[in-house]
Every structure is written in structure tokens, then in C-alpha cells.
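Only heavy atoms go into these numbers, but all of them, side chains included; no hydrogens, no water, no symmetry mates.
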Amino acid sequence: MINIEKLKSELNKLFNYFKAREYNYVIQNSKRLLTKYPFSTVLQNLIGSSYQQIGDLENAKKSFKAAIKLDTNNIAAINNLANVYKFEKEYEKSKNLYERALTKKKDYLNALLNYGVLEIEFNKHDNGIKLINKCLEIDNKNPYVFYNLGIGYSEIGNFKEAEINFDKVLKIDPFLTEADQKISLFSKYVSSNKHYLEMKEKVMNKDLKNNKKIMLYYAYGKALEDIGDINESVKYIREANKIKSNLIKYDFTKDAELIDNIIKTFEKINLKDVKKKKSNKNFIFIVGMPRSGTSLIEQILSSHSNVYGAGELPFLKMEINKKFNFIKNNNINISDEADKLAEISDRYEYLTNFINSEKKYFVDKLPLNFLWIGFIKLLFPDAKIIYTKRNAEDVCISCYKNHFEQGLNWTNEISNIAKMYKKHNEIINFWNTKTENFIYTVEYEKLVNDFENNLKKILEFCNLPFEENCKNFHKSNSIVKTLSSEQVRNPIYKSSINKYKFYKEEIEKIKTLA
């Protein structure tokens, strides 16, 4: 006979261990309990959630599916399975599961919020914002609802609504400092600014945990720079990077090895001899170091009537890494892998199809796709590749003083940033020897100093006719998901050239290493 009270007691203990992030303990003991209570969907869901937290997505999916099989109305397990598929970019499966959960409980907040975030991720902002707004009818005190609304509005350039929602986040939870950082990206501070004064008080709070200090210090450092207190600004930016660097324990040698192995692999390949698949789309890839002007180029191009700017898509890297391991192997014979290449290109096109666009040209501007230029040449032979080049000091300091959400862990120590700049030069120079003018280089400084002439050359390279809209790119309502969201909605400006000379210690390291 099942002892329900005993099961509840055991589950409460396991939930506490889950909250304490003892995921392996939860998995082990939940499985032990399953032998006594094999029909417990709660246990299966808990096991799945624990696997998800440690990154074992295959076992997470198995457990969530087991929970749903036991109880088709287990909306928590349905939502959690959808989240796994969302992480894997299995958009259709994820979408269907969120909708399935909502048919069972239309006011299920978790599914509404996650579905809305998914829609925004795939540039369907109108529906995403609509879904998240429905969450407010269920719970108007949830900071993550307002936070994701803020993200949605900021990406479409509605900074007024974005600030309103991020401000509501901070009223509910003043220590959700991710909202401080987001506000700082589109704010121009003066010493009387309300948000600046709130941050000034908050940085003095001794109870602030290190993971919360990181975002706050980036934001406060940016505000201090705006008001002209340069020494204090540099101090807080340095401290934010120091804290983050200590937390992540990044090792640059792995990224260096990756680049070296890619070069060694493609040294042996004649790109002309590899069978190529004709693409159904006209792709434009914009690559370069982060903060080198890639967002500016995308905004210019997406202002054209024939071009859709999709933002920074992780698909190419994700699909290549599924098929090839360049960290462990520098002896891959790409020439013998036509089937794998076809699978990558098919999958990439499949994923990009979920981003609605009827325009002729499709832009992917993930900067670090410079690693995969050889693959782009093989997968999409007619694609255009634009490489943005910018002064090493400006690029490196701009990387150092900003927070990145894409896992660019080398950006938290100036020595690692300088080394990456040097390695990126190595691989770009290598690709230029292999691709016969396949890459068009845009020098950021030349672009801003002689905008119209360089604009015409960019459009000519992409086989696009000139349009006045491209000159007025800052008026475009296109989606921008990067740190430059506010900057690219302004006319061209030259103040970003040689802007960071006050980072004297860092610049000396850049000169030595880059």
C-alpha cells in the first residue's frame, strides 16, 4: 500500500536539496524512491529537472517524457520538456508543447512566459510581448515577467517602455541587477539622474553578493563615464571584470587550441574541390570581433528593402559542433564529410526558416562566425561574408567594459581579450589566403569617416542597389538584440574612435599582446 504522507515527506526533502543545487543527490535518491513509487510523476519531473540543471539534456528529456506518459495532464513536465527543446533550438517541438500546456491550463504562467520568450528569441516580438503581457493578469508582482517585457521592448527600439518595465523589476527586487545593466545600455546619465543615484546608493550595500555586483558595477561604471567621473568608472569596470573572472575560471588555451585546430584542418583542404550544396537563401554573414561594428553594418543592411537582419544566430556554431570536435581533433578530413556538411546546411536553413522573412537577403551577424568562414564557403557558396575590422585598442577596451551574455568568457581579462584579438587576426589572414576575395573587409574607422562612399561599396559587394534608407539606418525599426541596440539607432558618429585612452594600464597590455 502506498504511504502518501511518507512520499510527501520524502519529496519535501528532495525539493530542499534541489533548491540547494545538490542535483546529483536528488537524482540518486529520487531514482531510489521510484522503486517504491513507480507511478510518481512528481519524482520523474524532479529527476528531469535535476538532469537539466547539470546539462544532461538527453536524460532530462527521458524523465520528462516518462512523467507525461504517466500523467498526460502534468503541465509542469510538459513545460519543462518544452524548455529543453527550446535550449536545443527545436523550435517546433518547443512551441507545440507550450501550446499543449496552455490548452490544459490557459493561465499557466510558466508556459505563457516561456512561450513569449521563445517568440521573442525568434524575432516574433509582437506575439511574444502579447503572451508575456498576459502573465501580468496572473501575477503582476513577478519581476521576471517585467524583465522579459523590458528585453522585448528594448530589442524593437522602444526604450521608453523598456525602461518602465526594468524599473518595475527593480521596485519588486532591487537586487535583480541585470535590470540595472539593461537600463544603462540605453541611458545617457547626468549627475541628477534618478537611476544613477539609486545605483550610487546600491553599490554601498554590504549585503550585495558578488554575482549581483557584476551587473551593477558594469552599469554604474557606464553611468560614471557618462557624467565624466572617469577614474571611478574605470575602477568599477575593473572590479566587475575581476569578480566575474574569479567566478568563471576561464582558460584561454582552449580557445587558442580551437583556432589552431581549425586552421590546421583547413590547411589541407582545397575549398574548390569539396562538393557544394546550392542554398535556397541569399545569406549575408557579418563577422568580426565583438564591438567592431558588426551591429552597425547589420542595421545599415537591414534598412534595405530587400534585406532581413536576423541578429546573432547561434545555429551555425551549434550545428558544426554537433558534427565536428575541433578542440580534440586537428586531423579532420572535411573533404570526406559531404554528408555531414549537407546535414549542417539543411539544419541551418531549417532553423532560419522559423524566423519569418519574405525578403530576398537574410543576414546572420554572429561576430564569432569568423571561426567558421571555411564552413560558410563550403555550405553556402553564394553567401556574402563581410568582415568588420576596428582599431585593436578600441575593440579590446569596448569588450572589457561591457557585459556579454553569449558566454564570451575571454572578455573579462584584458590579456585574454588582446590574445583573442591576435588569434582572430591569424584566422582572418588564413581565410583570406583560402577564399580568393570571398571576404569583404569593412574598416570601422573608414566607414564612419567616409560613410556614403563605403556604404555604396558594401551594397555593391552584396549585389544590392543603393537605397536612401540605408543612409538613414538609424530610423529603421529593425530588431537589434546586441549591446549596440541604442547606439545603432543614432546617426553615424565618430566619437567612438580612440575613445578609451583613459584605460592606460589595459592599453599597455593590448599593445604588448595584440
Fit a plane to each ring of [X] and [Y], take the angle between them on a 0 to 90° scale, and name the class: parallel (under 30°), tilted (30 to 60°) or perpendicular (over 60°).
X      : Y      : answer
Phe285 : Tyr348 : tilted
Phe122 : Phe354 : perpendicular
His424 : Tyr387 : tilted
Phe252 : Tyr250 : perpendicular

Under 3.5 Å donor-acceptor, Asp139 side chain and Cys135 backbone: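 Between the backbone of Cys135 and the side chain of Asp139 there is no qualifying donor-acceptor contact (under 3.5 Å).
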Test salt bridge (charged side-chain N to carboxylate O under 4.0 Å, His left out) applied to Lys323 and Glu319, step by step: CA-CA 7 Å; Lys323 303 295 183 183; Glu319 296 307 316; over 6 Å; no
Which donor-acceptor pairs under 3.5 Å do the side chains of residues 163-175 make with protein atoms, sequence neighbours left out?
residue	atom	partner	partner atom	Å
Asn165	ND2	Glu161	O	2.9
Asp167	OD2	Lys171	NZ	2.5
Asp173	OD1	Phe175	N	3.0

Report, as yes or no, whether the 6.0 Å neighbourhood of atom [atom1] on [X] holds more than 12 heavy atoms from other residues, nucleotides or ligands.
X      : atom1 : result
Glu426 : CD    : yes
Arg21  : CZ    : no
Asp126 : CG    : no
Lys200 : NZ    : no
Lys389 : NZ    : no
Lys62  : NZ    : no
Phe18  : CZ    : yes
Tyr17  : OH    : no

Candidates Arg238, Lys511, Lys501 - the one meeting salt bridge (charged side-chain N to carboxylate O under 4.0 Å, His left out) with Glu506: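 So, applying the salt bridge (charged side-chain N to carboxylate O under 4.0 Å, His left out) to Glu506 and each of Arg238, Lys511, Lys501, only Arg238 qualifies.
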Name each donor-acceptor pair under 3.5 Å that joins a side chain in residues 107-114 to protein atoms two or more places apart or in another chain, with its distance.
residue	atom	partner	partner atom	Å
Asp107	OD1	Lys105	NZ	3.0
Asn114	ND2	Asn79	OD1	3.0
Asn114	ND2	Asn83	OD1	3.3
Asn114	ND2	Asn110	O	2.9

Ring pair (Phe, Tyr, Trp, His ring centres under 6.0 Å) partners of Phe87, counting only residues at least two apart: none
Run the side-chain contact (heavy atoms from CB on, under 4.5 Å) test against [X] and tell me which residues pass, sequence neighbours left out.
X      : answer
Glu413 : Ser245, Ser415, Asn416
Lys69  : none
Leu366 : Glu312, Asp364, Asn369
Lys213 : Leu208, Asn210, Tyr217, Ile243

Pair Val42-Tyr37, side-chain contact (heavy atoms from CB on, under 4.5 Å): steps then yes or no: CA-CA 10 Å; Val42 177; Tyr37 308 101; over 6 Å; no
Salt bridge (Lys or Arg N to Asp or Glu O under 4.0 Å) involving [X] - partner list, sequence neighbours excluded:
X      : answer
Lys235 : Glu232
Glu22  : none
Arg100 : none
Lys141 : none

For Tyr189 against Ile227, the heavy-atom pair lying closest together: O-CG2, 3.6 Å
Residue pair Glu119 / Tyr91, side-chain donor-acceptor N/O under 3.5 Å: yes
For residues 47-54, which side-chain N or O atoms pair as donor and acceptor with protein atoms under 3.5 Å away, sequence neighbours left out?
residue	atom	partner	partner atom	Å
Ser49	OG	Asn45	O	3.0
Ser50	OG	Leu46	O	3.0
Tyr51	OH	Lys31	NZ	2.6

